[in-house]
Amino acid sequence: MPQSRLHPSPSSELPVSELPIVSGTDCYEQTGQTGLWVEVLVDCPGVQGVFTYGLPVGLMVQPGDILSVPFGAQQIGGVVVRCLTALPDGTNLAQLREIDGVIARGFFPPAYWEILLRVAEYYCTPLMQVIRMALPTGLLGRSQRRIKLSQEQGTGNREQGTGGREQGTGNREQKPPLDGMPCTISTVAQQILTLLQSSKTGDYSWQYLQRQVPNAYRGLQELLKLGWVESYLQPPTPIRPKQRQAVTLINQADVALLSPRQQEVLRVLQRQGGELWLTDLLALCQTSSTTLKAIAQKGYLIIQPREVLRSESSETTVTDTPKALTKDQAIALAAIQPLAGYTSVLLHGVTGSGKTEVYLQAIAPLLDEGKSAIVLVPEIGLTPQLTDRFRARFGDRVCVYHSALSDGERYDTWRQLLTGTAQVVIGTRSAIFAPLANLGLIILDEEHDSSFKQDQPSPCYHARTVAQWRAELEQCPLILGSATPSLETWVAHQEVSNQGMANDEYRMANQGMANKRMANQEPFAISPTETLREQNSEFGIRNSPVYLSLPARVQARPMPAIEVVDMRQELGRGNRSIFSQSLQAALNHLHESGEQGILFIQRRGHSTFVSCRSCGYVVMCPHCDVSLAYHQIHAEARPVLRCHYCNYTQAHPEVCPECQSSYFKHFGSGTQRVTQALEQEFPTLRVLRFDSDTTRTKGAHRSLLTRFAQGDADLLVGTQMLTKGIDLPQVTLVGIVAADGLLHLSDYRASERTFQVLTQVAGRCGRGDRPGRVILQTYSPDHPVIAAVQQQQQYEPFVQTELEQRKLLNYPPYGRLILLKFSGLSPGVVQTTAAQVAAALQPLQEQGVERLGPAAAAIERVARRYRWQILLKVPATVAISASFLSSLRDLCPSSVSFAIDIDPLNIG
DNA sequence: AGCACGCCGACT
DNA sequence: GTCGGCGTGCTC
């Protein structure tokens, strides 16, 4: 029991010695050849290409090792690309410098390195940026400029070296200019000084000061000249495992020689199992560490630092055992289990058909074989249920890996993945880069979900695409699970006729890459990669895609009946409520019957703008071209207006700022508005709101869902979040307040997305013993998507119609899209840059690429930056060189930021 | 990113 | 005539 409170000792579960982490000095212990050079890819924005460094005597490194190197005045992170035994001609020996140290070794096994190369190339992103994204934050350290108050100011610089006790605080008061002092300092300088004096250490990072004080640069110059502050570079401190002092009992003989107090300590330690954290033992014995050190000195116990994992521990103590499978599940599992080599599997299972159980049972035997698995989910916070279930089934072998982990947690989890033990990683899209060895299976759950695509910082990768590459390189199956597969996936897993196309397209993309890489043997000349490609030029076994279907729910539960309500008729009948009569009746019944319901609202803000009914004035964000959304944070608090793009917030004006009219209200039906309407019309109904306002904090999803599951409320009101994998058996009613907002998005994927969202929401009900019912309110009941959702078994006809449209217009999956995005503070400069780039695209257009734009983005200004874009439609037969696209960057002035989004999902 | 070199406006 | 602004270019 006390032992369980300690982390398993390094020798048992976390073999530190085998981990590729070495400290700056440890690495010198490895002896070998001397006097070589290394080419290093440095982690410095605006710098690409490799730099050559000298290797300190006795130090050996290999391609893929992560280093700390001097670069200009600072120390930065870098990755070894190649080891050189001779310097190329013309190298200026004078400028060669030696590396500072090794941060980590062996992070990049060949297949993993290959993935990073492919991502860099396919998504037109500098390799270093891809590496930075894949590594835990902070691993690639860099030195930091810091500013501190000078010690010697005023009283002379005598006391510097003596190091004795200092009366620092007494001196510090003399630093600000006293009244009688001849020199006056500017307000900026005074601000900086005050800030520094307010801190305990008198020391802040330059970055922090710049953020706190506008125009900090001026003030700093002043203070530096006066000698009141000093500026210095702090060398990087790489993230390290967290250490804690542990005390272990090693000898109990001759205890009588010790003092009674010391004997007592030993007895306590023994009673606790012979091992305790130092702090715990001190607390338990009411003693000091001096006492313990004395005992240790006599050889009775040892005190040593031991690694602790910062990763969140699994709270679930429940265990879960495999469930009996339905016939369909069994067929699917039987098809998956014998797969060897790379095979892409589409598991098309209706909502509630038990896909998770298939995943679990597919993974179980792999773990026993010592293999690992990656499970990707759209958003980890939204699916505590899934994580719990995996934990309950596989216990400690489950790791959760996502971007919301703290740096320390992420680092520790990352290290644990490297140990090579069989484990299951559950995570969001970035978990596709989990450095697991010996992968046996990759699963993408809710494969159609757009959150698998990254669209903000480059690389704008799609986890599904990366998963395909990874599964192929690791020669393992890939399962794409969904009730509403994306059209891309659907087409790729259809019978031979379509399959040919998907494969050709895919191969083409890869071949273009490989060829190009041969031609310019850039940093890519890392040796493991080349070896791999030679051995495996066709990337090993590539089986035909497999389509598996789970057409029915578990335990023969029926799919919910979907009732479409025409809201125009409701209005005609004089019903001005946002709830149709049908929905009103259902809500009333809900309360009486003790069943639960979900009310789905389109989006959290979009429709709740604030405007004046007298003059029509709408409050807009001063930094973005969008209206501000109405938010009431607490029932009592004053409402605020908030921009959903830049988070600008202001108080809600009492009267219209334009015409002073007091008829100044918010409109639309956001979650808050609907909740209020519910309170008015159904005062007895207990409502729980589930949107990003109420679930902002860590663990809020889980607690809200738990409360709902416990029956604390009758109705859960929420947005898109409700569509993602929530499994609540008591829910028998789903209400969709207005499907229309989704239908009319000006996006080629609008229909597909609407179909997916509505089907997923509808699928939240009837998962328990009682059948479910869906009420879908709309102003366009005849829309084909609504019809398709209503007959949800008929996925195929809907897809066929949609595919014809896509083919006609060369949209994915028939043609590829590339979005070039420009943004900058000056609208004119952004626009002319876009135009110049457009002109440079002429050669592509001659190859048959269609160019749309340049055009201002749908929301032209976000956070004071103007945004323009160019959309390229690339026919499946045309290959585009990544280096050509990357070269467009050179046409952009530094004031315009340029981003390339390959296969964009959001093109508005 | 940081820092150096380097070219044009307000001061002794 | 200098000091000092911050605009371009380099960092092995």
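Every chain is numbered from 1 and lettered A, B, ... according to where its sequence line falls, protein lines coming before strand lines.
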For [X], does the [atom1] atom sit with more than 12 other heavy atoms under 6.0 Å from it, leaving out its own atoms?
X	atom1	result
A:Gln234	CD	yes
A:Gln456	CD	no
A:Gln129	CD	yes

Distances under 3.5 Å between nitrogen or oxygen atoms of protein and nucleotides 2-4 of chain C:
residue: C:dG4; atom: OP1; partner: A:Lys225; partner atom: NZ; Å: 2.9

Base, sugar-phosphate, or nothing for [X], non-hydrogen atoms under 4.0 angstrom?
X	value
A:Val42	nothing
A:Tyr53	sugar-phosphate
A:Leu233	sugar-phosphate

Rounded to the nearest Å, what distance is computed from the [atom1] atom of residue [X] to the [atom2] atom of nucleotide [N]?
X	N	atom1	atom2	answer
A:Asp100	C:dC12	CG	P	11 Å
A:Tyr232	B:dG2	OH	P	14 Å
A:Ile76	B:dA1	CD1	C1'	9 Å
A:Gln129	B:dA1	CD	C1'	14 Å
A:Gln75	C:dC12	CD	P	12 Å
A:Leu55	C:dC12	CG	C1'	14 Å
A:Gln234	B:dA1	CD	P	19 Å
A:Gln74	C:dC10	CD	P	17 Å

inquiry  = Any side-chain N or O of A:Gln95 below 4.0 angstrom from OP1/OP2 of C:dT11?
reply    = yes
ask   = Does a side-chain N-to-carboxylate-O contact under 4.0 Å join A:Asp901 and A:Lys453?
value = yes
ask   = Is it true that A:Lys242 and A:Asp412 make a salt bridge, defined as a side-chain N closer than 4.0 Å to a carboxylate O?
value = no
request  = For the residue pair A:Trp414 and A:Tyr401, categorise the inter-ring angle as parallel (less than 30°), tilted (30 to 60°) or perpendicular (more than 60°).
outcome  = tilted
query = Checking A:Arg97 against A:Tyr53: charged group under 6.0 Å from the ring centre and within 45 degrees of the axis?
reply = no
